[in-house]
A.B. asks: 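So that we are looking at the same thing, I have put the structure below in structure tokens.
Reckoned from all heavy atoms, side chains included, excluding hydrogens, waters and symmetry mates. Residues take their numbers from the sequence shown, with the count starting at 1.
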Amino acid sequence: MRKLDRNLMHAALTALLEPKEQYQFPVYVGFSERYLSSLEQTYGFLAVTTHERLLVSRFSLLTIPMKQQAFALQTLQKLSVRQIPLLKTRKITMQFQSTGKVESLRCFCSPKTFGMGLPNQETQLQQLLETLNLWSARSDFTE
């Protein structure tokens with residue numbers, strides 16, 4: 001079984017890049033979908049790119065690749081960031097719209113990751129959120 005770590009993050013995000021594109025501000029997140037058990041939850045990585053895209057790479061708890069996506073940042077319609085009380089974990093909800101289709105994404109991101117080799121998670125998260133906020137048509141930040 002592979003480990004969700006810096007090496008897997010780099011491989012997963014690099015696979016989504018276009019020619020001459022680089023990713024920035026990668027973070028580890030847990031994805032949440034309504035009515036799923038904890039065993040069905042997915043985990044993975046988010047990053048923005050130099051071509052103004054959001055990369056999304058999802059894995060199952062067993063590190064089986066589940067879904068790889070890229071969204072143009074100009075299609076980001078809504079962004080909501082809330083801090084969960086008593087924790088530093090942030091709940092991030094995004095809504096993208098392109099060609100008449102609306103796609104929502106909800107994830108949770110902690111400022112610290114232990115044993116994953118991602119020492120800059122908190123700084124990366126802040127930079128990622130600032131970049132997403134610049135592109136969102138509507139944003140709601142509650143810290």
Side-chain angles (χ1 to χ4, degrees), residues 1-84 87-141 143:
M1 176 167 66
R2 294 178 72 179
K3 181 179 176 186
L4 285 171
D5 63 6
R6 178 188 304 222
N7 295 331
L8 181 58
M9 177 182 69
H10 180 70
L13 294 174
T14 300
L16 293 169
L17 293 174
E18 295 175 341
K20 298 183 181 180
E21 183 179 38
Q22 297 177 344
Y23 67 83
Q24 303 169 317
F25 319 129
V27 294
Y28 168 76
V29 297
F31 295 96
S32 175
E33 307 212 14
R34 295 187 196 277
Y35 314 114
L36 290 181
S37 74
S38 60
L39 292 176
E40 296 173 306
Q41 296 297 325
T42 56
Y43 304 88
F45 310 101
L46 296 179
V48 291
T49 73
T50 53
H51 289 181
E52 301 168 347
R53 297 186 317 138
L54 175 71
L55 304 181
V56 181
S57 184
R58 293 184 188 206
F59 295 85
S60 73
L61 190 59
L62 301 173
T63 65
I64 298 168
M66 300 301 287
K67 195 173 196 181
Q68 313 292 3
Q69 297 172 282
F71 297 97
L73 290 176
Q74 55 266 37
T75 65
L76 180 58
Q77 295 297 304
K78 275 201 256 183
L79 173 66
S80 174
V81 180
R82 301 209 187 289
Q83 187 164 330
I84 297 175
L87 301 173
K88 290 190 174 189
T89 299
R90 292 198 180 99
K91 177 183 175 185
I92 305 164
T93 306
M94 296 172 270
Q95 189 175 65
F96 294 89
Q97 182 167 3
S98 61
T99 62
K101 182 181 176 185
V102 176
E103 186 144 1
S104 294
L105 194 62
R106 184 179 17 186
C107 57
F108 294 87
C109 189
S110 296
K112 304 273 186 224
T113 57
F114 300 98
M116 295 184 64
L118 303 172
N120 301 323
Q121 173 90 348
E122 190 167 7
T123 304
Q124 300 284 69
L125 174 59
Q126 195 58 41
Q127 292 172 319
L128 177 75
L129 293 175
E130 288 172 10
T131 302
L132 291 173
N133 190 43
L134 290 173
W135 284 96
S136 67
R138 256 184 7 182
S139 65
D140 174 23
F141 277 75
E143 296 290 314

A.B. asks: F96 versus V102: any side-chain heavy-atom pair under 4.5 Å?
C.D. replies: no

A.B. asks: Salt bridge check: are K67 and E103 linked by an N-O gap of less than 4.0 Å?
C.D. replies: yes

A.B. asks: Are L46 and M94 close enough that some pair of their side-chain heavy atoms sits under 4.5 Å apart?
C.D. replies: yes

A.B. asks: On a heavy-atom basis, which atom in P26 and which in A47 lie closest, and how many Å separate them?
C.D. replies: CA-CB, 3.9 Å

A.B. asks: With a 3.5 Å distance limit and no angle check, can you tell me whether Q121 reaches the backbone of S110 through a side-chain donor-acceptor pair?
C.D. replies: yes

A.B. asks: Please say whether more than 12 non-hydrogen atoms of neighbouring residues, nucleotides or ligands are located less than 6.0 Å from CD in Q22.
C.D. replies: no

A.B. asks: Got a second to check how far C109's SG is from K91's NZ, nearest 0.5 Å?
C.D. replies: 14.5 Å

A.B. asks: Look only at the side chain of D5 and the backbone of L8, and say whether a donor-acceptor pair between them is shorter than 3.5 Å.
C.D. replies: yes

A.B. asks: Would you please test K88 and Q83 for side chain to side chain contact (heavy atoms under 4.5 Å, CB included) and show each step?
C.D. replies: CA-CA 6 Å; K88 290 190 174 189; Q83 187 164 330; 4.2 Å; yes

A.B. asks: Could you check if a side-chain atom of S104 sits within less than 4.5 angstrom of a side-chain atom of T93, using non-hydrogen atoms only?
C.D. replies: no

A.B. asks: Would you compute the distance between atom CG of L79 and atom CD of Q95 and round it to the nearest 0.5 angstrom?
C.D. replies: 11.0 Å

A.B. asks: F59 vs F45 aromatic rings, parallel, tilted or perpendicular, using cut-offs 30° and 60°?
C.D. replies: perpendicular

A.B. asks: Below 4.5 Å, heavy atoms only, C-beta onward: do R82 and S80 meet side chain to side chain?
C.D. replies: yes

A.B. asks: Please examine the side chains of E52 and E21, heavy atoms only from C-beta on, and report whether any two atoms are closer than 4.5 Å.
C.D. replies: no

A.B. asks: For L125 and I92, which heavy atoms make the closest approach, and how far apart are they?
C.D. replies: CD1-CD1, 4.0 Å

A.B. asks: Quick one: does S136's side chain have a donor or acceptor within less than 3.5 Å of a partner on N133's backbone?
C.D. replies: yes

A.B. asks: Enter the distance from R53:CZ to Q69:CD here, rounded to the nearest 0.5 Å.
C.D. replies: 11.5 Å

A.B. asks: Report the C-alpha distance between V56 and V29 in whole Å, list the side-chain angles of each, state the deciding distance to 0.1 Å, and finish with yes or no for side chain to side chain contact (heavy atoms under 4.5 Å, CB included).
C.D. replies: CA-CA 10 Å; V56 181; V29 297; over 6 Å; no

A.B. asks: Check whether any side-chain heavy atom of Y23 lies under 4.5 Å from a side-chain heavy atom of T50, and answer yes or no.
C.D. replies: no

A.B. asks: With side chains defined as the heavy atoms from C-beta onward, is the minimum distance between L13 and T49 less than 4.5 Å?
C.D. replies: no

A.B. asks: Within this structure, what is the CD-CG distance for the pair E18 and L55, rounded to the nearest 0.5 Å?
C.D. replies: 9.0 Å

A.B. asks: Before you tell me yes or no, could you show the steps for L54 and L105 under side chain to side chain contact (heavy atoms under 4.5 Å, CB included), namely the whole-Å CA-CA distance, both residues' side-chain angles and the distance that decides it to 0.1 Å?
C.D. replies: CA-CA 11 Å; L54 175 71; L105 194 62; 4.3 Å; yes

A.B. asks: Strictly by modelled atom types, are T75 and Q97 linked by a side-chain donor-acceptor pair under 3.5 Å?
C.D. replies: no

A.B. asks: CE of M66 to CZ of F31: how many Å apart, nearest 0.5 Å?
C.D. replies: 11.5 Å

A.B. asks: Side-chain contact, heavy-atom cut-off 4.5 Å: W135 with V48?
C.D. replies: no

A.B. asks: Determine whether a donor-acceptor pair (N or O, by modelled atom type, separation under 3.5 Å) exists between the side chain of E130 and the backbone of Q127.
C.D. replies: no

